[in-house]
Amino acid sequence: LGTVTDTGYMATLFVYLTLFIIGGFLLYASLYAAAGSAVDSIQDSQQFNSIIMIPVILSIIIMMSVFNDVNSPIAVWASIIPFTAPVVMIARIPFGIPTWEIVLSLAILYATFLATTYVASKIFRVGIFMHGKRNSWRDLWLWIKER
């Protein structure tokens, strides 16, 4: 554990913060791009956007419990799962967790970003031409499986 006056420690925290913020932004941007390309209107987007928001809300709730026990199973797993990792891991890092957990979390986060970008591109390819029809989760699944 470092202190606020330790510039090396603060620089490391800043690098981790930046990596997790960028990774989280890219992950959620790809999810919202997929949702946005599958709908025609703001009203239709609510069914997709509410599902995307659930992990964000859940991660904030879990982050509050991290301060009680940094190494609890829920804190460890939530910091590895990419949809909650950007918030939960940033709350855990100042408490001196092992570096391998941070690296693993970042690797899974960025790999998930690449996977969701690929899925979003498949949804975009079909969804952008599907005007006038209200799409369902089943439609999205069919678009993803389409070659």
Side-chain angles (χ1 to χ4, degrees), residues 1-124 126-128 130 134-145:
L1 286 172
T3 62
V4 178
T5 58
D6 183 6
T7 55
Y9 175 73
M10 293 305 290
T12 304
L13 285 180
F14 182 73
V15 168
Y16 286 145
L17 176 69
T18 304
L19 289 173
F20 276 104
I21 286 175
I22 290 171
F25 173 79
L26 292 173
L27 175 65
Y28 279 98
S30 67
L31 292 173
Y32 278 110
S37 64
V39 296
D40 281 343
S41 66
I42 294 173
Q43 291 80 17
D44 293 341
S45 69
Q46 292 305 313
Q47 69 175 338
F48 300 119
N49 290 343
S50 59
I51 297 296
I52 296 172
M53 280 303 296
I54 289 173
V56 175
I57 296 167
L58 186 64
S59 64
I60 293 170
I61 294 168
I62 293 170
M63 179 193 66
M64 291 177 197
S65 71
V66 164
F67 299 125
N68 293 329
D69 186 9
V70 176
N71 293 315
S72 69
I74 188 91
V76 172
W77 282 105
S79 64
I80 293 174
I81 295 171
F83 301 102
T84 56
V87 174
V88 177
M89 186 57 91
I90 289 301
R92 289 186 68 215
I93 289 174
F95 292 101
I97 62 170
T99 305
W100 69 267
E101 287 185 25
I102 300 169
V103 172
L104 176 66
S105 180
L106 281 170
I108 293 172
L109 176 64
Y110 280 92
T112 305
F113 154 66
L114 293 174
T116 55
T117 301
Y118 175 74
V119 169
S121 70
K122 291 183 74 97
I123 292 172
F124 181 81
V126 177
I128 202 69
M130 301 295 280
R134 185 174 181 150
N135 301 310
S136 66
W137 287 101
R138 184 177 184 278
D139 294 332
L140 292 182
W141 180 248
L142 294 174
W143 297 348
I144 292 169
K145 290 184 358 183

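It should be emphasised that the depicted structure is a prediction, and the values quoted were computed from it without experimental measurement.
Proximity of I97 to M89: side-chain heavy atoms (C-beta onward) are separated by under 4.5 Å at one or more points. The side-chain heavy atoms of R92 and I102, taken from C-beta on, include no pair separated by under 4.5 Å. With contacts defined as side-chain heavy-atom distances shorter than 4.5 Å, the pair F20/V88 does not qualify. Taking the side chain as every heavy atom from C-beta outward, N71 and F95 never approach each other to under 4.5 Å. In this structure, the side chains of L58 and F83 stay at 4.5 Å or more apart for every pair of heavy atoms.
The distance from the OH atom of Y32 to the CZ atom of F25 is 12.0 Å, given to the nearest 0.5 Å. Interatomic distance, CG of L31 versus CG of N49, reported as 10.0 Å (0.5 Å rounding). I22 contributes atom CD1, which lies 11.0 Å from atom CZ of F113 (distance to the nearest 0.5 angstrom). A distance of 7.5 Å separates CG of L26 from OG1 of T117, quoted to the nearest 0.5 Å. With rounding to the nearest 0.5 angstrom, the CG atom of L27 is 5.0 Å from the OG1 atom of T116.
When all heavy atoms are compared, the tightest approach of T112 to I108 is OG1-O, 2.7 Å. The minimum heavy-atom distance between P86 and L109, with the atom names listed, is CG-CD1, 4.0 Å.
Within 6.0 Å of the CZ atom in F67, the count of heavy atoms belonging to other residues, nucleotides or ligands exceeds 12. Atom CD1 of I74 is surrounded by 12 or fewer heavy atoms from other residues, nucleotides or ligands within 6.0 Å.
Using a distance-only test at 3.5 Å, with no hydrogens or angles considered, a donor-acceptor pair links the side chain of Y9 to the main chain of P94. Distance alone, capped at 3.5 Å, places no donor-acceptor pair between the Y28 side chain and the M53 backbone. Using a distance-only test at 3.5 Å, with no hydrogens or angles considered, a donor-acceptor pair links the side chain of S105 to the main chain of S79. A donor-acceptor pair is defined here as one N or O able to donate and one able to accept, closer than 3.5 Å; such a pair exists between the side chain of T84 and the backbone of A78.
Here I21 pairs with L17 under the side-chain contact (heavy atoms from CB on, under 4.5 Å) rule; sequence neighbours left out.
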